[in-house]
Protein chains: 4
Amino acid sequence: MSSIARDPVDESISRGRGRPRDEVARTRILDSALETLEELGFANTTCDVIAERAGASKATIYRWWSNKAAVLVEALREAVALELPLPDTGDLREDIRQQLRNFIKLLTGRRGLAFRGFVAAAQSDPEVSEALRLVWVAPRRADVKARFERYRGKTLRADVDLELLIDLIYAPLYYRLLIGHAPLSEEYADALTDLVFAGIRLH
Amino acid sequence: MSSIARDPVDESISRGRGRPRDEVARTRILDSALETLEELGFANTTCDVIAERAGASKATIYRWWSNKAAVLVEALREAVALELPLPDTGDLREDIRQQLRNFIKLLTGRRGLAFRGFVAAAQSDPEVSEALRLVWVAPRRADVKARFERYRGKTLRADVDLELLIDLIYAPLYYRLLIGHAPLSEEYADALTDLVFAGIRLH
Amino acid sequence: MSSIARDPVDESISRGRGRPRDEVARTRILDSALETLEELGFANTTCDVIAERAGASKATIYRWWSNKAAVLVEALREAVALELPLPDTGDLREDIRQQLRNFIKLLTGRRGLAFRGFVAAAQSDPEVSEALRLVWVAPRRADVKARFERYRGKTLRADVDLELLIDLIYAPLYYRLLIGHAPLSEEYADALTDLVFAGIRLH
Amino acid sequence: MSSIARDPVDESISRGRGRPRDEVARTRILDSALETLEELGFANTTCDVIAERAGASKATIYRWWSNKAAVLVEALREAVALELPLPDTGDLREDIRQQLRNFIKLLTGRRGLAFRGFVAAAQSDPEVSEALRLVWVAPRRADVKARFERYRGKTLRADVDLELLIDLIYAPLYYRLLIGHAPLSEEYADALTDLVFAGIRLH
DNA sequence: ATCTAATCGAGACGGTACGTCGAGTCTTCCC
DNA sequence: GGGAAGACTCGACGTACCGTCTCGATTAGAT
């Protein structure tokens, strides 16, 4: 990962001499960042507001994060760290169906606005783009890829290109979120699952 | 369409007195807008630069367009007006395959950066969002929808949800464009077509 | 003079094409600058406060003045432009005595704080230093120098170094203003005049 | 004296428990403060730089001095403690002449920049102002005042206002130092002495 | 042949957010 | 308890872009 999110591991080991980073302030900053992000969206969130709400100073923000995007990236990362664990029902299709339903539930909640701004920022900021992939996209894709591999040759055709298949189940969600030509609903998750599985099942 | 692109009809009818709009200036502005958009992206394109390159004044820009987004939207619209006509080979699958290939060719060219910024801007500006759908997304979708309806019940299963199906073929292109986790290539268009058609063909 | 105070002459002649400078805004900025200067002193005057009080934006300030010092220099210059004309009583000694009294009156008023900050700023900013000399010091010195030359060989010894003599009558005022070891009073002007003239009169 | 320079007496008497003040650190701080002061001037000297060059921490600086000015004041005081002893040649005029020459030598050396900043800081900080008078100005003035009193009624007119006279010999040096309209040279010391003594000698 | 009104290029304007810097305070560990 | 390291708050700095406005100059149709 790039410098946008610094590695916290070394910190806890080789506690340098000076005053340690104020973890409470860090938390307050990330909390107010997320709150503002979900309230105003990415573009309308300013560092001044984050600082003020957090009771911190802008200097502290800029000491630890290179710019506004970096703060918001980390705030979102912490918020979504444990979200969307891939269900394991014993039925691949049902796993995917539930995963898509949960994802849609996330995107249609307050988090949706944050997500949209996140993807938007990634278009003009390579660091945000990289962070978006590493923090959010890659883990979700790795989960379903492992799951697909488990079922490969069983209920799943062996010759399917997994990367493409993963695109196929996730892309429509991003597409509707970002383009907004049609709503994201739970039924959409079901229909999408059905259609995709129609093309990949063993006959 | 919203106010983002003003209706040119009234202009030509009620030609009041006074100096008429300078169409050359309009063209120069849109040209330099597109040029800048493709060079710097949406977020880094400023109205001052557009005006300077066009040899126009900012006032002229804001007289005819409500804001920066409106100029760029129209610039892009003019540029893409005639692009991506849906091929008609007599084979539905081949039509889609070629369409996706052409779209990918577009997105991987200079136009890609413009598109990315366009989608990004849509996330925080409802007018851009509306324009994006009306100017670009809806026409492409209407084309393929009509084509799908022509083949419905023939080489295409009759019970397929067309809106979902259209999502399925276009979404992965936007997804890879915006997330950037994997490259967009012509082979990708082929593989995507194959996988989608595997689920929708008549057996 | 350096760039700290731009030449306004060309402006009025070759009125460039664009929107002309808003002279009202300029006046409001200089007025609020002077007001703040006399109220808070040089060091405590901020551009934000000047802008706010003037109903102007910081950008406008920085468009016309290179930094805070430049604004305050010009504000002070306008304020003192017509001040301290050298009296002409027909008696050299009386002229000087009255001039020193008037100068002391100025320095002990609200203007004194402004002056102190002005000299202070000149110590770390060469442009302020240059402006201080050109705007304030040099004109006063030129006035008295011309006067001294008029009386040279008459009531004034012909061999006196005029530059040194001018130092001798003005320096003590700056000295007491800046060091503050003793008060500046009108009697001080008289005593100073007496002592200096004791050394330069024809016997 | 105000709090700007704390009384060192208590320290040495009531050596409480704990580690005593590190005199080496104090010296390093004052040395680097003076060095930085002469190199960059008062305004451009930062506490961070002083601390870094001294291998000390800012906390140590602020434990012993109330603010940046206090450190620089003390640094300068130590540096000038033994400087400019008033010569005693048996000839009052020669004493003054040499004293002025020595002062000018000081001001035109590296020390000059420090002095200028010192006076500048005094304009917005009463504590610096007080320190400037107590540490530097008053002792010099006391020296020459005693000398003048010794010669009063002898080579010096008895009715001269000594405070004014002292102003008259020192003020021009500060004036040229701070305003910079003309150079400070040794010849200037001579000419100044001559002119002043022309007004105060017994005839 | 004016008059009138809308347009044009130029560029100054108010506003808002940015990211930086220095002063002075506070917190941790080490001695 | 003193000291080095260094994180912290506060507040000012100077910059950049947005969208508006005000000039003088231009360009047509209306009178």
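By convention in this document, chain letters (A, B, ...) are assigned in the order of the sequence lines, proteins followed by strands, and residues within each chain are numbered from 1. Just so you know, these numbers come straight off a predicted model, no measurement behind them.
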- Task: Any pair with a residue in residues 115-124 of chain B that passes side-chain hydrogen bond (donor to acceptor under 3.5 Å, both in side chains), sequence neighbours left out, goes on the list, sorted by first then second residue, please.
- Result: A/Arg116-B/Gln123, A/Gln123-B/Arg116
- Task: List for me each residue that meets salt bridge (charged side-chain N to carboxylate O under 4.0 Å, His left out) alongside D/Asp31, sequence neighbours excluded, and say none if there are none.
- Result: none
- Rounded to whole Å, the CG-P distance (C/Asp125 to F/dC13) equals 14 Å
- Can you find a side chain N or O atom of B/Trp64 that sits less than 4.0 Å from OP1 or OP2 on E/dC8? yes
- Query: For C/Asn44 and F/dA12, what is the distance between atoms CG and P respectively, to the nearest whole Å?
  - Reply: 9 Å
Dump every N/O contact between nucleotides 20-24 of chain E and the protein below 3.5 Å, one line per pair.
unit_1	atom_1	unit_2	atom_2	d
E/dA23	OP1	D/Lys68	NZ	3.3
E/dA23	OP2	D/Cys47	N	3.1
E/dG24	OP2	D/Tyr62	OH	2.8
E/dG24	OP2	D/Lys68	N	3.1
E/dG24	N7	D/Lys58	NZ	3.1
E/dG24	O6	D/Lys58	NZ	2.7

- Message: Which is more 5' along DNA chain F, the nucleotide nearest A/Thr60 or the one nearest A/Arg19? Just name the residue.
- Response: A/Arg19
- A/Phe115 meets the ring-ring contact (aromatic ring centres under 6.0 Å, His included) criterion, sequence neighbours left out, with A/Trp136
- Check the distance between F/dG14's C1' and C/Ile50's CD1 and give it to me in whole angstrom. 14 Å
- Query: Between C/Glu23 (CD) and E/dG11 (P), how many Å, whole number?
  - Reply: 17 Å
- Query: How many Å lie between CG on B/Leu40 and P on F/dA16, as a whole number?
  - Reply: 15 Å
- Message: Does E/dC8 have its OP1 or OP2 closer than 4.0 Å to a side-chain nitrogen or oxygen of B/Arg63?
- Response: yes
- Is it the case that C/Arg21 places NZ or CZ above or below the six-membered ring of C/Trp65, under 6.0 angstrom from the centre and within 45 degrees of the axis? yes
- Where the side chain of A/Ser32 meets the backbone of A/Ile50, is there a donor-acceptor pair that is under 3.5 Å apart? yes
- Do the side-chain N or O atoms of C/Arg28 get closer than 4.0 angstrom to the phosphate oxygens (OP1, OP2) of E/dG14? yes
- Item | Atom-to-atom span, CZ of C/Phe42 to P of F/dC13 - whole angstrom | 11 Å
- Closest nucleotide of DNA chain E for B/Ala56 versus for C/Asp22: which of these residues is on the 5' side? B/Ala56
- Query: Can you name the residues that form a salt bridge (charged side-chain N to carboxylate O under 4.0 Å, His left out) with D/Arg26, not counting sequence neighbours?
  - Reply: D/Glu74, D/Glu78
- salt bridge (charged side-chain N to carboxylate O under 4.0 Å, His left out) against A/Glu35, all qualifying residues, sequence neighbours excluded: A/Arg53
- Note on the structure: DNA chain E nearest-nucleotide lookup for C/Ile61 and B/Ser57: closer to the 5′ end is B/Ser57
- Query: Is the distance from OP1 or OP2 of E/dT7 to the nearest side-chain N or O of B/Arg26 less than 4.0 Å?
  - Reply: no
